[in-house]
Chemist: 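Have a look at this one before I ask anything.
All residue numbers refer to positions in the sequence shown, counting from 1.
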Amino acid sequence: MPGVRDATVLAVPATGAGAATGAAADAEPELAAAVTGERSSAEQLFTALSERLPAYMLPRRITVLDRLPLTPRGKIDRRSLLSALAGTAAGPR
């Protein structure tokens, strides 16, 4: 995608109506994406992905970050990223 430098998709705990009623433990995880890059907009990325991917492969949320969290060895810190993505509000959908 133009403007995207890095992207990572993780399965995060559900945040929909089931989470509000306490049924989140039984709910399927959702896909959440984190992206970095210039001119990256969650709405534009979601639209572009919608044209290329089937609905079940689309992330529920897309979060644009300045940079992805890294481990001391320079790899993506998936635990930190999971915490950040699980705490974000729902994206365009």
Chemist: Testing the basics here: between Leu58 and Phe46, what is the closest heavy-atom pair and its distance to 0.1 Å?
Modeler: CD1-CZ, 4.1 Å
Chemist: Only counting residues at least two apart or in another chain, list the ones meeting side-chain hydrogen bond (donor to acceptor under 3.5 Å, both in side chains) with Ser80.
Modeler: Asp77
Chemist: With rounding to the nearest 0.5 angstrom, report the CZ to CG distance, Arg67 to Asp6.
Modeler: 11.5 Å
Chemist: Does the side chain of Pro59 reach to within under 4.5 Å of the side chain of Leu49, using non-hydrogen atoms?
Modeler: yes
Chemist: Which atom names give the shortest non-hydrogen contact between Leu82 and Leu10, and what distance separates them?
Modeler: N-CD1, 3.8 Å
Chemist: Looking only at heavy atoms, which two atoms of Arg78 and Thr8 are closest? And how far apart?
Modeler: NH1-CG2, 3.3 Å
Chemist: When rounded to the nearest 0.5 angstrom, what distance separates CD1 in Ile76 from CG in Leu81?
Modeler: 7.0 Å
Chemist: Check Ile62 against Ala42 and note the closest heavy-atom contact, atom names and distance.
Modeler: O-CB, 3.4 Å
Chemist: Taking only residues two or more places apart in sequence, or in another chain, which ones meet Thr47 in a side-chain hydrogen bond (donor to acceptor under 3.5 Å, both in side chains)?
Modeler: none
Chemist: Search all heavy atoms of Ala33 against all heavy atoms of Val9 and return the closest pair with its distance.
Modeler: CB-CG2, 3.9 Å
Chemist: Between Arg60 and Val12, is there a side-chain heavy-atom distance shorter than 4.5 Å?
Modeler: no
Chemist: Which value, rounded to the nearest 0.5 Å, describes the distance between Leu65 atom CG and Arg5 atom CZ?
Modeler: 13.0 Å
Chemist: Compare every heavy atom of Glu30 with every heavy atom of Pro13, then report the nearest pair and how far apart it is.
Modeler: O-OE1, 4.2 Å
Chemist: So do the side chains of Ser41 and Val64 get within less than 4.5 Å of each other, counting heavy atoms only?
Modeler: no
